[in-house]
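Take a look at the structure below.
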Amino acid sequence: MDTPPQAVPVPDFSPRCHDGMPLHAAPLLDDGVFSPERVEAEREQAYFNDLYLLAPVAHFVLGLDGVILQVNLVAAELFGLPRERPGHVLFRSYVHEAFRHDYERFVQRVLNSSEPERIQLQVQSRPGAREAGLPVCLLGSADPNGQALRLVLEQAEGKLAALERSEERFRRIVHGAEEGIWEIDAQALTSFVNPKMAHMLGCQIEDMLGQPLVAFMDDEGRAILERNIARRQVGIAERHEFKFLRRDGSTLWATLATNPIFDSGGTYLGALALVSDITAQRAASERIWRQANFDELTGLPNRHMFLDRLQHEAHHARREGTCLALLFIDLDHFKQVNDRLGHEKGDMLLRQAARRISERVRATDTVARLGGDEFTVILAGVGQLGGIERVLQELTAGLTQPFVLDGDTVHVSASVGVALYPADGDTPDSLLRHADQAMYAAKNGGRNGYSYFTPALQQAAEVRRHTVREMRLALTHEQFEVHYQPIIRLRDGAIERAEALLRWRHPLRGLLLPADFIAFAETNGLIIDIGEWVFRQVVRQARQWQDEHGAALQISINKSAVEFRCDGALYQDWGGHLTRQGLASGAIVIETTEAVLLDKACQVADRLRQFRAMGLALALDDFGSGQVSLACLKTADIDFLKIDRSLVGELERDDAGLGLCESIIALAQRLGLKVVAEGVETASQRDLLRAAGCDYAQGYFFSHALPAGQMDRLLAAQAAG
């Protein structure tokens, strides 16, 4: 570090607060925490220390009352002062009694002058000491605001003696310093460390010499250091926090105040760093921050952090034009559990409830505990109510499961209120208030459920819940049916395949198509149970037709994206069921859409591989209606390509439609795929597809979807003919 020139005043780094108050007068808050002014003053003090701590001359900063506020290492050693907190000590008490009057006049000159002032006098090593004075030269200057006095003290002796004394003192201070001192060369290799630095890292000095600085850092620290080295090489001093790794693997957090070193020609030689251990301070700050922002019992964000997150997410939603949902959750019957089993068991229940809630939302959502048995969830970036409904149903279902509390099993439930931003409130306070009101509506409605703040949304939610209840009854009362649409082999008109299509014979509304109810099933997870039922119905029917008509009929089943993303354990027995029924590999075809094929989620790829391993064939439905590229077909492990009805409908209109279908057919067959055309409604469409080499077709021209009995008669007639 360069030594400041003797004849130049110390730069203006006086320890002032924002309001001009000297550092020693900076106020504390009532709870003992530093005020913002005090924090800023200490930051300025740290800057002063970084610059002048290692200077080989004594530096002092005095208040207007003459109290010593800051000292560097040489000054502390000269007067025997603790550097960090010198205490309420007057500088004049170290001035020899015979020179105190001269010193007082000198101070007045400094305070009233815009230029540095100099004086020769004598000082003592401690106040009141009866010893010969030490001749020194004081260089004094006042800061521009007149709030502090800065002194540079040099011993008045011959230059050679002064230099030798300075070097000896400097060597002693460096080796005995309480801060780490680390010097690196131009290649960032360690050229010097003092004993304190080696001790801080748990190393021997000789083990560190020649080692790169990054050898003692983790990846994050290395990246920051590389940027800082580049800045130092152009003469920029830096102060940063780094995480070092001690020899035993533990972490050392430290601040590095670094200054570049150049030779007389301006060539970068390396840098000198002053290293301060802040591990304890950082841990304390982290602990204080966590206590201020997180719930101690559950580890979730508390009300303070929740409101901050809600404010942030609301700003983001406003900027992006998106929505968010706020869920207010209150546990039903929690007070009875607390009163009956005690607060310790109640706390256990709250921790388990917090974990269940967190497991049922996305990692990007915020779960918080407001206090007591009240929790909130911020669902950011919600696109449709279906996604919110799914979370609500999973949350309420998850919280009704038994809680095991050290041998005691208890049951609670949850009442959830829902408010949407910006529809139900455009500020965090109004949104929270409305979600709270909706939660009480859910409690008044019988508990163990959820309620929307907006009446129209609440009514729609009631319709969805009613439909779901009806669908569950439909499964148990066998109201679902599987119809079959024949798939015709175009070269000879034979029925070789069929598509299984679900129908709901509703007791009041009649026969319902999938469009009337599948969306409800997907949003509440009931689609998994329905899909299982359909699979077993189709396998049983395929086995029956094989026995009755002596020929294998390949049947395809539609699967939604939700079914591809679920747990693979749900399909574990499918392969065994096919084997037990004696169906050949490929007898059942799983149809999926382009959207599923484009889904990069690992569950989707795993499910495709799982179905393939079971001996199920795969078909890509509605090709041409989405975004699947032709190149994607080359890598997709599918057996059939089904041309969307929208492309088939263009066949008779112009040559472009026919040309597109012909290209798709030719490419698919070159890739080894069979092609099925959907939505064939005219003889002309059939003839054009047959001429283009299409393998199969289905549509109203051939047959609607038929109940199993009618399909059975159609197959019997074909076998007899």
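Note that the structure is predicted; figures quoted are calculated from it, not measured. Side-chain atoms are counted along with the backbone in the values below, which use heavy atoms only and exclude waters and symmetry mates.
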Non-hydrogen side-chain atoms of [X] and [Y] separated by less than 4.5 Å:
X: M614; Y: Y571; result: yes
X: E499; Y: V589; result: no
X: M439; Y: I329; result: no
X: Y421; Y: R318; result: yes
X: K443; Y: D330; result: yes
X: N448; Y: L399; result: no
X: V377; Y: R360; result: no
X: P301; Y: R369; result: no

Give, for atom [atom1] of [X] and atom [atom2] of [Y], the distance between the pair rounded to the nearest 0.5 Å.
X: L252; Y: M217; atom1: CG; atom2: CE; result: 9.5 Å
X: H577; Y: F535; atom1: NE2; atom2: CZ; result: 6.0 Å
X: I378; Y: E313; atom1: CD1; atom2: CD; result: 6.0 Å
X: R246; Y: T251; atom1: CZ; atom2: OG1; result: 8.0 Å
X: D573; Y: L578; atom1: CG; atom2: CG; result: 9.5 Å
X: L307; Y: D429; atom1: CG; atom2: CG; result: 7.0 Å

Heavy atoms only: give me the nearest [X]-[Y] pair and the separation to one decimal.
X: S276; Y: E179; result: OG-CG, 3.8 Å
X: T396; Y: A414; result: CG2-O, 4.3 Å
X: L331; Y: D373; result: O-OD2, 3.0 Å
X: F640; Y: A617; result: CE1-CB, 4.5 Å
X: T409; Y: H411; result: CG2-CE1, 4.3 Å
X: S560; Y: I527; result: OG-CG1, 3.9 Å

Exercise. Taking atom CD of E478 as the centre, does the number of heavy atoms from other residues, nucleotides or ligands within less than 6.0 Å exceed 12?
Worked result: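 No.
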Problem set entry | Residue H304 excluded, over 12 heavy atoms near NE2 under 6.0 Å |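 No.
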For this session: Indicate yes or no for a side-chain donor-acceptor contact from N338 to the backbone of F334 under 3.5 Å, with no hydrogens or angles considered.
Result: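 It does not hold such a pair.
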For this session: Without swapping roles, check the side chain of H434 against the backbone of D424 for a donor-acceptor pair under 3.5 Å.
Result: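 Between the backbone of D424 and the side chain of H434 there is a qualifying donor-acceptor contact (under 3.5 Å).
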For this session: Could you tell me whether R356 sits above the aromatic face of F403, with NZ or CZ closer than 6.0 angstrom to the six-membered ring centre and within 45 degrees of the axis?
Result: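 Relative to the ring axis of F403, which defines the angle, R356 lies inside both limits.
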For this session: Output yes when E532 and R536 qualify as a salt bridge under the 4.0 Å nitrogen-oxygen rule, no when they do not.
Result: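 Salt bridge between E532 and R536, a charged N being under 4.0 Å from a carboxylate O: yes.
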Exercise. Salt-bridged, D406 to K345, with N to O below 4.0 Å?
Worked result: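 Salt bridge: no.
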Under 3.5 Å, is there a donor on one side chain and an acceptor on the other for [X] and [Y]?
X: R319; Y: H316; answer: yes
X: D248; Y: S250; answer: yes
X: S415; Y: D332; answer: yes

Problem set entry | Residue pair I530, L475: steps toward the side chain to side chain contact (heavy atoms under 4.5 Å, CB included) verdict | CA-CA 7 Å; I530 294 175; L475 265 177; 4.2 Å; yes
Exercise. Does the pair R355 and Q352 meet the rule for a side chain to side chain donor-acceptor pair (under 3.5 Å), with working shown?
Worked result: CA-CA 5 Å; R355 185 162 56 250; Q352 291 185 32; 4.9 Å; no
For this session: Could you pull out all residues at least two apart from H315 that satisfy side chain to side chain donor-acceptor pair (under 3.5 Å)?
Result: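 In terms of side chain to side chain donor-acceptor pair (under 3.5 Å), with neighbours along the sequence ignored, H315 is linked to Q311.
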Exercise. Of all residues at least two apart in sequence or in a different chain, which pass the side chain to side chain donor-acceptor pair (under 3.5 Å) check with T298?
Worked result: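 T298: side chain to side chain donor-acceptor pair (under 3.5 Å) contacts with D295.
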Exercise. Got a sec, which residues hit salt bridge (Lys or Arg N to Asp or Glu O under 4.0 Å) with E374, two or more places apart in sequence or on another chain?
Worked result: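 Not a single residue meets the salt bridge (Lys or Arg N to Asp or Glu O under 4.0 Å) criterion with E374.
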Problem set entry | Evaluation steps, side chain to side chain contact (heavy atoms under 4.5 Å, CB included), between F244 and T279 | CA-CA 10 Å; F244 289 92; T279 305; over 6 Å; no
Problem set entry | side chain to side chain contact (heavy atoms under 4.5 Å, CB included) assessment of F328 paired with T376 | CA-CA 5 Å; F328 196 113; T376 54; 4.1 Å; yes
Exercise. Can you tell which of L502, L511, L513 makes a side chain to side chain contact (heavy atoms under 4.5 Å, CB included) with H483?
Worked result: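 Answer to the side chain to side chain contact (heavy atoms under 4.5 Å, CB included) test with H483 among L502, L511, L513: L511.
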Problem set entry | Residue of the set L405, V410, D408 for which side chain to side chain contact (heavy atoms under 4.5 Å, CB included) holds with M348 |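 For M348, the side chain to side chain contact (heavy atoms under 4.5 Å, CB included) check succeeds only for L405.
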For this session: Would you please test F375 and L327 for side chain to side chain contact (heavy atoms under 4.5 Å, CB included) and show each step?
Result: CA-CA 8 Å; F375 298 86; L327 314 185; over 6 Å; no
Exercise. Angle class for the F480/F517 ring planes (parallel below 30°, perpendicular above 60°, tilted otherwise)?
Worked result: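 Rings of F480 and F517: tilted, 30 to 60°.
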